[in-house]
2 protein chains.
Amino acid sequence: MSERPQPLRELLTGKGVRPTPRRLEVLEELAREGNDVTAQELWGRLRERDSGTGLATVYRTLSLLAEKGVVDVLSHHGGEQCYRLCGDGHHHHLVCTRCHRVVEVGECDLGGWLDDVASRHGFVATDHRVEIAGLCADCR
Amino acid sequence: MSERPQPLRELLTGKGVRPTPRRLEVLEELAREGNDVTAQELWGRLRERDSGTGLATVYRTLSLLAEKGVVDVLSHHGGEQCYRLCGDGHHHHLVCTRCHRVVEVGECDLGGWLDDVASRHGFVATDHRVEIAGLCADCR
DNA sequence: CTTCCTGCAAAGCATTTGCATCCAT
DNA sequence: ATGGATGCAAATGCTTTGCAGGAAG
């Protein structure tokens, strides 16, 4: 009677992470909320669902998932880290400043520009992060 | 017998911030280290110079300066915030992954690209942050 | 005299860690 | 049995706040 074929489990097994019930709960919660969540928020929601998951486990799981590249970690929230389930490849984020919706942006043809800017300062660019703030379709 | 004409003081007065000795010490320390520093690091350096400045004052001053736009706040350091004295206008950062040197990048002709990407997702872009990681001239 | 600044210590929060227990293999 | 996973509580580390003393206008 599961509503979906549990692709979430594979997200774990695919990375060699044992799919324990608690980890799946965390993952489900992340999937439920497409946007980014703090560890504390996520824990709160689990409690509302009467999950006995401990806060430490939430942190441990999120760290593990981040390490394995299953979730993105965003630091745009002051002292608190935000986690977000996301696609595999290179991508950036579009964040709505009003409702905080986050959309993944796959397109990234900045390669040339980056190399250009970097070399102009004697650098070799190896990585980059772009975060675009704005208003989403519903909020503008 | 001052070595420089104290342009730092004006950085404060210009924003309506009273240039107290402690604030100037913090500002001088930020100017001394062109790169980004954590509040704790900065406090440590002040102590080495036998400044009696308290940690709380360092935090209060940095917050104030950030609020007034005199310093940039970078969150790329895990739980700790990094502060950096920086120019006024719109700019981005080039960070050396080996020595952590930070260079300001004034050029930013991404306007068109940003609008394009944003509108493709129904957004209107209002702001953006770009952080380029790489190796600087000395480290590569 | 009044307001703002500061140092110190205590408090607050997010996150991590130690440890005993539990579970699955 | 054996090693990993987990809950709980204590510990950590950064940052903020309360408060009393001080300096500046």
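First the proteins, then the strands, lettered A, B, ... as listed; each starts at 1.
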Enquirer: For B:Gln81, which contact category applies under a 4.0 Å heavy-atom criterion: base, sugar-phosphate, or nothing?
Expert: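 Touches sugar-phosphate only.
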
Enquirer: Describe, in one word, how the ring planes of A:Trp113 and B:His92 are oriented to each other, choosing from parallel (under 30°), tilted (30 to 60°) and perpendicular (over 60°).
Expert: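 Taking B:His92 first and then A:Trp113, their aromatic rings stand perpendicular (interplane angle over 60°).
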
Enquirer: What is the separation between atom CH2 on A:Trp43 and atom C1' on C:dT16, rounded to the nearest whole Å?
Expert: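 Distance, rounded to whole Å: 15 Å.
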
Enquirer: Starting from C1' on C:dT16, measure out to CD on A:Gln40 and report it in whole angstrom.
Expert: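 Those two atoms, CD and C1', are 12 Å apart.
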
Enquirer: Is the phosphate of C:dT6, meaning OP1 or OP2, less than 4.0 Å from a side-chain N or O of B:Arg23?
Expert: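 Yes, such a contact exists.
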
Enquirer: Does NZ or CZ of A:Arg47 come closer than 6.0 Å to the centre of the six-membered ring of A:Trp43, within 45° of the ring's axis?
Expert: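 A:Arg47 over A:Trp43 ring: yes.
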
Enquirer: Are A:Gln40 and A:Tyr59 linked by a side-chain donor-acceptor pair shorter than 3.5 Å?
Expert: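 Short answer, yes.
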
Enquirer: Just N and O in the side chain of B:Arg22: are any of them under 4.0 Å from OP1 or OP2 of D:dA23?
Expert: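 No, because none of the side-chain N or O atoms of B:Arg22 sits under 4.0 Å from OP1 or OP2 of D:dA23.
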
Enquirer: For A:Glu41, does its backbone N or O pair with a side-chain atom of A:Thr38 as donor and acceptor, under 3.5 Å?
Expert: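 Checked: pair present.
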
Enquirer: For B:Arg18 and B:Gly54, find the nucleotide of DNA chain C closest to each by heavy atoms; which residue's nucleotide sits nearer the 5' end?
Expert: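 Upstream on the strand: B:Arg18.
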
Enquirer: Rounded to whole Å, how long is the line connecting atom CD of A:Glu25 with atom P of D:dT6?
Expert: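 Taking atom P of D:dT6 as the reference, CD of A:Glu25 is at 10 Å.
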
Enquirer: Base, sugar-phosphate, or nothing for A:Thr38, non-hydrogen atoms under 4.0 angstrom?
Expert: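 The residue A:Thr38 makes no contact with any strand.
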
Enquirer: For a quick check under 3.5 Å, do B:Asp72 and B:His91 share a side-chain donor-acceptor pair by atom type?
Expert: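 Per modelled atom types, B:Asp72 and B:His91 side chains form a pair under 3.5 Å.
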
Enquirer: Give me the residues of residues 55-67 of chain B where at least one heavy atom lies under 4.0 Å from an atom of DNA chain C, by number, or none.
Expert: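 The answer is B:Ala56, B:Thr57, B:Arg60.
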
Enquirer: Would you find more than 12 non-hydrogen atoms of other residues, nucleotides or ligands less than 6.0 Å from A:Arg120 atom CZ?
Expert: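 For A:Arg120, atom CZ is crowded (more than 12 foreign heavy atoms under 6.0 Å).
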
